Amino acid sequence: MKLLVINGPNINMLGIREPGIYGSGTYRDLLDFIAKSAKELGVTAECFQSNSEGGIVTAIQKAMTEYDGIIINPAAYTHTSIAILDALKAVGLPAVEVHISDVSKREEFRQISYAGMACEKTYMGLGFEGYRQAMIWLSERLDGKKGNGKAGG
Ligand code: DQA
């Protein structure tokens, strides 16, 4: 089972950016956490980070033939990008949305998630653990142990 973990703009600044919100762990720490969790769960997780919307759209398109599922933290593009929403819909891979912070308790402009409209599940406010939960959820989903998270699925 091969999963692509996509992180959007400024996630490479973890540890430096607003540690009160995102914690003190760096992006390198996140990559190590994902690699360790994937090993424990027996899945392959490859990580991609981009500060550009087009880079993320291209990564999603390429994933179609190479991966079984997508875990995505589109960061600020969550709240603005119809292009990322359309790319997720176009490839049709099972996708899970992750946010390190609990966006539901933050500013009004963070209350809309376009990417989330193409995701079967969302984890937020769990820090790095959200990525591990997303891997668990997707591996069970892809093993056929659960439906697609939607009514009738
Ligand atoms: C974020 C939340 C977004 O609102 C923000 O723009 C980010 C990170 C999170 O992981 O909590 O860059 O996606």
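For ligands, and for the atoms within them, numbers begin at 1 and follow the listed sequence. Everything quoted here is computed from the prediction, not taken from an experiment.
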Check contact between V103 and ligand 1, using heavy atoms of the residue and a distance below 4.0 angstrom. yes

Between N73 and ligand 1, which residue portion shows a heavy-atom distance shorter than 4.0 Å: side chain, backbone, both, or neither? side chain

Provide, to 0.1 Å, the distance between [atom] and the closest protein heavy atom, together with that atom's residue and name.
| atom | result |
| --- | --- |
| atom 9 (C) of ligand 1 | I100 N, 3.3 Å |
| atom 6 (O) of ligand 1 | R110 NH1, 3.1 Å |
| atom 11 (O) of ligand 1 | S101 OG, 2.6 Å |
| atom 7 (C) of ligand 1 | Y22 OH, 3.5 Å |
| atom 1 (C) of ligand 1 | H99 ND1, 3.7 Å |

Ligand 1 atoms nearer than 4.0 angstrom to some heavy atom of H79 are 3 (C), 4 (O)

With heavy-atom distances below 4.0 Å as the criterion, list the atoms of ligand 1 near R17. 7 (C), 8 (C), 12 (O)

Close side-chain approach of M13 to Y22, heavy-atom, < 4.5 Å: no

Applying salt bridge (Lys or Arg N to Asp or Glu O under 4.0 Å) to D32 and R28, what does each step give before you reach the verdict? CA-CA 6 Å; D32 291 345; R28 181 72 252 170; 3.0 Å; yes

Quick one: pull up OH in Y123 and CH2 in W137 and give me the separation to the nearest 0.5 Å. 7.5 Å

Does NZ belonging to K2 count more than 12 external heavy atoms closer than 6.0 Å? yes

Start with the C-alpha distance between D86 and K89, add both sets of side-chain angles, then the distance that settles salt bridge (Lys or Arg N to Asp or Glu O under 4.0 Å), and finish with yes or no. CA-CA 5 Å; D86 284 350; K89 282 173 138 178; 5.2 Å; no

One pair to check against side-chain contact (heavy atoms from CB on, under 4.5 Å): L4 and I60. What are the steps and the verdict? CA-CA 9 Å; L4 178 63; I60 294 169; over 6 Å; no

Quick one: sort the F109 and H79 rings into parallel, tilted or perpendicular, breaks at 30° and 60°. perpendicular

